[in-house]
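FYI, side chains are in, hydrogens and waters are out, and symmetry mates aren't considered; it's all heavy atoms of this structure.
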Amino acid sequence: MFEHIDAYPGDPILTLNENFQKDPRQNKVNLSIGIYFDDDGRLPVMQAVRTAEAVILGDPGPKPYLPMAGFAQYRDAVQALVFGESCPSRAAGRIATVQTLGGSGALRVGADFIKRYFPASQVWVSDPTWENHRFIFERAGFTVNTYPYYDEATGGLKFEAMLAAIAALPPKSIVLLHACCHNPTGVDLERAQWEQVIDVMQQRDLLPFVDMAYQGFGAGLDDDAFAVREIARRGLPALIANSFSKNFSLYGERCGGLHVVCEDAASADRVLGQLTASVRSNYSNPPTHGAKIVARVLTTPDLKQSWESELAAMCQRIARMRVAIHDGLRQHVSGEALSRYIRQRGMFTYTGLSADQVERLREEHGVYILRSGRMCVAGLNEQNVGIVVDAIAKVLAH
């Protein structure tokens with residue numbers, strides 16, 4: 001019956017992470033998977049999360065199914081965080097929001113929704129993008145194309161080429177954009193560039209699908225949401241996926257949201273109904289525990305302030321690690337090859353290392369980064385950054 005089924009080659013990131021776990025070397029360093037680790041190399045439990053969860057567990061109560069759209073208090077609090085409390089589109093009821101299984105779940109529910117109502121459209125993603133973007137949209141039935149993005153020569157952005165490519169797309173094309181902390185390159189658009197992209201999207205009647213998995217890890221919670229809020233301010237129809245895996249360190253709780261900015265409240269109501277139908281046919285309804293934690297933190301002023309402060313400290317620690325690896329490599333590389341470590345931002349940096357150099361890093365020095373050269377800077381700390389700098393220097397020298 002199943003002899004014709006191909007073997008799944010595995011996810012390259014998760015497979016590399018599994019290989020790291022099997023590596024017996026003591027000084028091995030895992031900079032492959034996109035997870036934030038603290039200075040001691042541990043997955044943190046944020047104090048606001050710990051406090052909120054203790055209250056929830058202190059009064060467990062019954063555990064009924066959530067509505068298909070999710071926990072109402074969570075949905076409202078998440079929408080306010082993503083778009084801002086005073087967002088006019090939010091006040092006018094023009095944003096349809098559902099709770100999802102992390103950011104990946106938001107992408108898939110959104111992909112299923114737009115495939116049903118825009119069946120002739122194709123999807124364009126940045127070159128490169130997170131590997132799962134292509135996988136999710138192809139599995140939803142889309143043809144997936146790329147637009148220019150990363151400049152290997154400079155470690156920066158091919159903005160003019162990107163803008164020209166988007167301007168040439170057919171109307172109703174879906175353009176996947178990274179709101180901040182671009183995965184895998186760490187290269188983001190500036191505000192003026194975002195405004196030009198949004199201008200073109202409006203003029204060409206395109207549908208933006210913005211993935212915001214790292215809000216708070218770039219320039220701050222509000223600044224990181226600039227593109228999303230500017231799209232909503234202009235009334236441009238759009239889909240936005242957000243995740244709390246990283247900025248709440250709630251990876252296994254699968255907390256996310258899908259938001260659709262609509263032309264009016266009546267459209268938002270119809271869209272919300274169809275999003276819930278997509279949820280129903282997929283996983284029926286979302287889980288409760290993580291959503292209650294996030295909702296309690298975001299709606300309790302002292303907990304929210306604690307979370308924001310700790311998130312800012314996490315962002316600052318990543319910035320320090322960028323400076324540390326930049327300064328450590330100063331004697332070995334220069335120019336764009338060096339400055340990219342501090343110009344790029346967020347959890348990831350494209351190192352510019354070749355696939356052969358990446359393999360040597362792993363085999364000879366026990367330093368794990370992706371074959372593309374993507375490094376998770378959030379995996380660096382005071383104890384291992386010297387090891388990584390020394391390994392990169394040796395690989396570059398031979």
Side-chain angles (χ1 to χ4, degrees), residues 11-46 155 181-186 214 216-218 245-247 249 251-252 310-334 337-398:
D11 179 272
I13 300 175
L14 299 181
T15 299
L16 192 62
N17 190 56
E18 291 169 3
N19 292 338
F20 173 82
Q21 302 300 332
K22 299 173 185 176
D23 191 329
R25 287 173 286 188
Q26 292 297 313
N27 288 330
K28 62 183 180 178
V29 181
N30 188 5
L31 304 178
S32 60
I33 194 165
I35 292 178
Y36 175 91
F37 294 101
D38 63 18
D39 273 325
D40 297 317
R42 296 177 301 195
L43 192 67
V45 179
M46 301 178 80
C181 307
H182 184 273
N183 180 7
T185 69
Y214 306 98
F217 273 99
S245 295
K246 277 76 176 178
N247 58 16
S249 196
Y251 301 89
E310 194 165 353
L311 178 59
M314 292 162 71
C315 182
Q316 291 162 9
R317 197 191 77 78
I318 292 176
R320 289 198 305 274
M321 290 301 100
R322 286 186 173 278
V323 171
I325 198 166
H326 170 273
D327 292 351
L329 288 173
R330 193 189 298 273
Q331 296 180 349
H332 307 283
V333 292
S334 60
L338 180 64
S339 64
R340 70 182 62 196
Y341 287 101
I342 51 177
R343 284 193 297 112
Q344 297 170 4
R345 67 180 187 178
M347 293 180 68
F348 305 112
T349 280
Y350 246 31
T351 61
L353 297 175
S354 68
D356 288 342
Q357 289 170 326
V358 168
E359 186 174 355
R360 287 185 55 210
L361 269 183
R362 183 180 68 253
E363 296 297 327
E364 298 174 17
H365 305 284
V367 175
Y368 285 68
I369 68 175
L370 297 193
R371 184 176 176 82
S372 63
R374 189 198 83 173
M375 171 191 294
C376 181
V377 186
L380 291 170
N381 56 52
E382 298 292 347
Q383 290 72 45
N384 66 23
V385 68
I387 296 172
V388 174
V389 167
D390 182 64
I392 293 176
K394 288 178 178 176
V395 164
L396 291 173
H398 299 287

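Between the side chain of Thr351 and the backbone N or O of Gly373 there is at least one donor-acceptor pair closer than 3.5 Å. In this structure a side-chain-to-backbone donor-acceptor pair under 3.5 Å is missing from Arg360 to Ala391. Put simply, the side chain of Asn384 gets close to the backbone of Asn381: a donor and an acceptor are under 3.5 Å apart. Not a single donor-acceptor pair under 3.5 Å links the side chain of Arg345 to the backbone N or O of Cys181.
Around CD of Gln331, the count of heavy atoms belonging to other residues, nucleotides or ligands within 6.0 Å does not exceed 12. Around the CZ atom of Arg320, the shell of radius 6.0 Å holds more than 12 heavy atoms that belong to other residues, nucleotides or ligands.
Side-chain contact between Tyr251 and Tyr36 is present, with heavy atoms from C-beta onward closer than 4.5 Å. The shortest side-chain heavy-atom distance between Gln344 and Val377 does not fall under the 4.5 Å cut-off. Residues Met321 and Glu382 form a side-chain contact, since some pair of their non-hydrogen atoms from C-beta on lies under 4.5 Å apart. By the 4.5 Å heavy-atom criterion applied to side chains, Leu43 and Ser249 are counted as neighbours. Side chains of Met375 and Val388 form a contact here, defined as non-hydrogen atoms less than 4.5 Å apart. With contacts defined as side-chain heavy-atom distances shorter than 4.5 Å, the pair Ile369/Arg374 does not qualify. Using a 4.5 Å heavy-atom threshold, the side chains of Ile35 and Asn17 count as separate.
Nearest heavy-atom pair, Ile318 versus Ala378, reported as atom, atom and distance to 0.1 Å: CD1-CB, 4.1 Å. The heavy-atom pair separating Phe37 from Gly379 by the smallest distance is CD1-CA, 4.2 Å. Closest heavy-atom contact between Arg322 and Arg340: NH1-O, 4.2 Å. Taking every heavy atom of both residues into account, Ile387 and Gln383 meet most closely at CD1-O, 4.0 Å. Closest non-hydrogen pair, Phe217 versus Cys315, comes out as O-SG, 3.5 Å.
The CE atom of Met347 sits 9.0 Å away from atom CG of Asn183, with the distance rounded to the nearest 0.5 Å. Annotation: the span from Leu380 atom CG to Asp39 atom CG amounts to 10.5 Å, rounded to 0.5 Å. Remark: Glu359 CD to Gln357 CD distance equals 11.5 Å, nearest 0.5 Å. Rounding to the nearest 0.5 Å gives a distance of 11.5 Å between CG of Leu353 and CG of Leu370. The CG atom of Asp390 sits 10.5 Å away from the CG atom of Asn27 when rounded to the nearest 0.5 Å. With rounding to the nearest 0.5 Å, the separation of CE in Met314 from CE in Met46 is 5.0 Å.
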Practice item. Using the side chain to side chain contact (heavy atoms under 4.5 Å, CB included) rule, take Ile325 and Thr349 through it: C-alpha gap first, then chi angles, then the decisive distance, then the call. Key: CA-CA 11 Å; Ile325 198 166; Thr349 280; over 6 Å; no
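With sequence neighbours excluded, the residues satisfying side-chain contact (heavy atoms from CB on, under 4.5 Å) with Tyr368 are Leu16, Asn19, Phe20, Asp23, Arg25, Asn30, Arg362.
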